[in-house]
Amino acid sequence: MDEVSTEILRCQDEWYSLLGALEDLQYCSVALADGNVRRIRLPQEVEPSVLMKEVKSFLRKKKAKLSELWYWAIHPDFKNKKLEDFLISRDFKFNLEIGMVLGPRVSLRIDPDVLIEGGEEMTEEWEQVQKTEYQNDIFVKTQKIPELMKRKRERFKDPRVEMYVAKLRGKPVGKMTLFTSGETAQIDEVCTLPDFRNKRVSSTLMATSIDIARLRDVKNIIVVVPDTFKSMEMYKRIGFVKKVELPGYYL
């Protein structure tokens, strides 16, 4: 991987580690707090069972369950066909995320009526948009929403995380998160509520986050998005360029 791709991966790992420190093992890094195995590094000559032995040993030490590790991210330098077959045989599904970096040219159309507010403190309006997003997500069970919101509050206490809300005519209609780590700023969790889409809410949010990041003289402004998401095309139009593929598997 080149320098920017490596930086995208490093920043991603820091972002995920906000819920719990990643512990580096021989073949992978494990974070239980949000149920992630990150950066699996399994050489071709090593059997997946060796990785599982290592992970299970870690879980015993932490008194945790294998079911908590619902996402397995494969390090781009260690693609392993045997590991892929192993995960699929256990009903994991493939997911491909694309790490992108903002290029020199930015193309954004904003709406001056969309006002952006926020900072390091999680506001009631930010929480309101987040809860509505969860309620509209068919994969989120209603009874799980309070627990998910609690996780958000814990994760976003970190001073490197900023939360911004988009308001239209005084009503919160969208949100985003900006995570700054060293010389890299990652834009994440961009959301516009369904009734307010196609009104340049997301592009106004993006413009604000890019302006904030540039004022800090960061070298890289990045996004990481599944290649199946419609927002991928939006990022391309804005000026983000694909740098690295981040394959993973989830239950």
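These numbers were taken from a predicted model, which means no experiment stands behind them.
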Sorted by chain and residue number, the ring-ring contact (aromatic ring centres under 6.0 Å, His included) partners of Phe78 (sequence neighbours excluded) come out as His75
ask   = Is it true that Lys236 and Glu233 have a side-chain N and a carboxylate O under 4.0 angstrom from each other?
value = yes
The reported gap from OG1 in Thr192 to CZ in Arg197 (rounded to nearest 0.5 angstrom) is 7.0 Å
Looking only at heavy atoms, the pair that brings Phe94 and Pro247 closest together is CE1-CB, 3.8 Å
Exercise. Is there a path from Val218 to Ile212 through hydrophobic residues (I, L, V, M, F, W, Y) whose side chains come within less than 4.5 Å of each other?
Worked result: yes
Correct closest heavy-atom pair for Pro172 and Lys167 would be CA-CG, 4.1 Å
Counting only heavy atoms from other residues, nucleotides and ligands, does the tally under 6.0 Å from CG of Asn198 exceed 12?
no
Item to check | Same apolar cluster (I L V M F W Y, side chains within < 4.5 Å links), Val101/Met1 | outcome: yes
Classify the angle between the aromatic ring planes of Tyr71 and Tyr250 as parallel (below 30°), tilted (30 to 60°) or perpendicular (above 60°).
parallel
Does a side-chain N-to-carboxylate-O contact under 4.0 Å join Glu162 and Arg216?
-> yes
Rounded to the nearest 0.5 angstrom, the CD1-NZ distance for Ile145 and Lys152 is 12.5 Å
With sequence neighbours left out, the residues meeting ring-ring contact (aromatic ring centres under 6.0 Å, His included) with Phe92 are Trp72
- Message: Let's go through Met206 and Ile238 carefully: what are the C-alpha distance in whole Å and the side-chain angles of both, what is the deciding distance for side chain to side chain contact (heavy atoms under 4.5 Å, CB included) to 0.1 Å, and is it a yes or a no?
- Response: CA-CA 9 Å; Met206 293 294 296; Ile238 289 171; 4.0 Å; yes
In sequence, state the C-alpha distance, the side-chain angles, and the governing distance for Lys144 and Glu147, and then conclude on salt bridge (Lys or Arg N to Asp or Glu O under 4.0 Å).
CA-CA 5 Å; Lys144 286 286 187 180; Glu147 178 187 342; 3.6 Å; yes
Exercise for review: Report the C-alpha distance between Val30 and Leu22 in whole Å, list the side-chain angles of each, state the deciding distance to 0.1 Å, and finish with yes or no for side chain to side chain contact (heavy atoms under 4.5 Å, CB included).
Suggested key: CA-CA 5 Å; Val30 178; Leu22 292 169; over 6 Å; no
Nearest heavy-atom contact between Leu42 and Asn80 is O-ND2, 3.1 Å
*asked:* For residues Val129 and Leu115: do they belong to one hydrophobic cluster (side chain heavy atoms under 4.5 Å, members Ile, Leu, Val, Met, Phe, Trp, Tyr)?
replied: no
**Study point:** Lys199/Asp113 ion pair, N-O < 4.0 Å
**Key:** no
- Message: Taking the side chain as everything from C-beta on, heavy atoms only, tell me whether Val4 gets closer than 4.5 Å to Asp2.
- Response: yes
Original post:
Is Arg39 salt-bridged to Asp24, going by a charged N under 4.0 Å from an acidic O?
Top reply: yes
For Ile138, the other hydrophobic cluster members (4.5 Å side-chain criterion, sorted by chain and number) are Phe139
Margin query: For Glu84, is there an ion pair with Lys81 - N to carboxylate O distance below 4.0 angstrom?
Written below: no
Exercise. May I ask you to test the Glu245-Ile98 pair for a side-chain heavy-atom distance under 4.5 Å?
Key: yes
> Does the pair Glu121/Lys157 count as a salt bridge with the N-to-O cut at 4.0 Å?
Replying inline: no
From the list Val165, Val201, Thr208, Ile110, side-chain contact (heavy atoms from CB on, under 4.5 Å) with Ile116 holds only for Thr208
| said: Contact between Val55 and Leu51 at the side-chain level, heavy atoms closer than 4.5 Å - yes or no? | reply: yes
Members sharing Leu215's hydrophobic cluster, built from side-chain contacts under 4.5 Å between Ile, Leu, Val, Met, Phe, Trp and Tyr, are none
*asked:* If we ignore hydrogens and angles and just use 3.5 Å, is the side chain of Thr132 paired with the main-chain N or O of Gln128 as donor and acceptor?
replied: yes
Is the side chain of Ser203 donor-acceptor paired with the backbone N or O of Arg109 at a distance under 3.5 Å, no angle test?
yes
I'd like to know if the side chain of Glu54 reaches the main chain of Tyr27, judged simply by a donor and an acceptor atom lying under 3.5 Å from each other, with no hydrogens or angles considered. yes
Would a distance-only check, ignoring hydrogens and angles, find a side-chain to backbone donor-acceptor pair under 3.5 Å from Asp137 to Glu133? no
Sorted by chain and residue number, the ring-ring contact (aromatic ring centres under 6.0 Å, His included) partners of Phe179 (sequence neighbours excluded) come out as Trp15
Residues passing the side-chain hydrogen bond (donor to acceptor under 3.5 Å, both in side chains) test with Lys93, sequence neighbours excluded, are none
Heavy-atom side-chain proximity of Leu66 to Leu59 below 4.5 angstrom: yes
Interatomic distance, CG@Leu102 vs CD1@Ile210, rounded to 0.5 Å, equals 5.0 Å
Is it true that atom CD of Glu45 has more than 12 heavy atoms of other residues, nucleotides or ligands lying nearer than 6.0 Å? yes
| Would you find a donor on one side and an acceptor on the other, under 3.5 Å apart, between the side chain of Ser57 and the backbone of Lys53? | no
- Task: Taking the side chain as every heavy atom from C-beta outward, state whether Asp227 and Glu97 have any atom pair closer than 4.5 Å.
- Result: no
Are Glu7 and Arg10 close enough for a salt bridge, meaning some N to O gap below 4.0 Å?
-> yes
Given the rule in the side chain to side chain contact (heavy atoms under 4.5 Å, CB included) test, do Met122 and Gln130 qualify, once you have shown the distances and angles that lead to the verdict?
CA-CA 11 Å; Met122 183 180 287; Gln130 181 62 69; over 6 Å; no
Rounded to the nearest 0.5 Å, the CE atom of Met176 sits from the CH2 atom of Trp126 at a distance of 11.5 Å
Rounded to the nearest 0.5 Å, the CD1 atom of Ile74 sits from the CG atom of Leu246 at a distance of 11.0 Å
In terms of heavy-atom contacts, Ile221 and Phe240 come closest through O-CE2, 3.5 Å
In this structure, CD of Gln186 is separated from SG of Cys11 (nearest 0.5 Å) by 4.5 Å
Apply the test side chain to side chain contact (heavy atoms under 4.5 Å, CB included) to residues Val161 and Thr177: give CA-CA distance (whole Å), side-chain angles for both, the deciding distance (0.1 Å), then the verdict.
CA-CA 7 Å; Val161 181; Thr177 304; 3.6 Å; yes
Closest non-hydrogen contact found for Leu178 with Ala185 is CD1-CB, 4.1 Å
Under 4.5 Å between any side-chain heavy atoms of Asn136 and Pro194, yes or no?
yes
* Short N-O contact, Lys175 and Glu127, less than 4.0 angstrom -> no
Discussion item. Counting C-beta onward and ignoring hydrogens, is there a side-chain heavy-atom pair between Thr142 and Gln135 closer than 4.5 Å?
Written reply: no
*So does Glu120 pair up with Arg160, basic N to acidic O under 4.0 Å?*
no
inquiry  = Treating Arg41 as the side-chain partner and Leu25 as the backbone partner, does any N or O pair qualify as donor plus acceptor under 3.5 Å?
reply    = yes
Looking only at heavy atoms, the pair that brings Pro76 and Lys79 closest together is O-CG, 3.9 Å
- Query: Counting heavy atoms not belonging to Arg105, are there more than 12 under 6.0 Å from its CZ?
  - Reply: no
Open item on the list: Would you say NZ of Lys82 has more than 12 non-hydrogen atoms from neighbouring residues, nucleotides or ligands within 6.0 angstrom?
Closed with: yes
| message | Would you say that more than 12 heavy atoms from the other residues, nucleotides or ligands in this model lie under 6.0 Å from the CD of Glu3, or not? | response | no
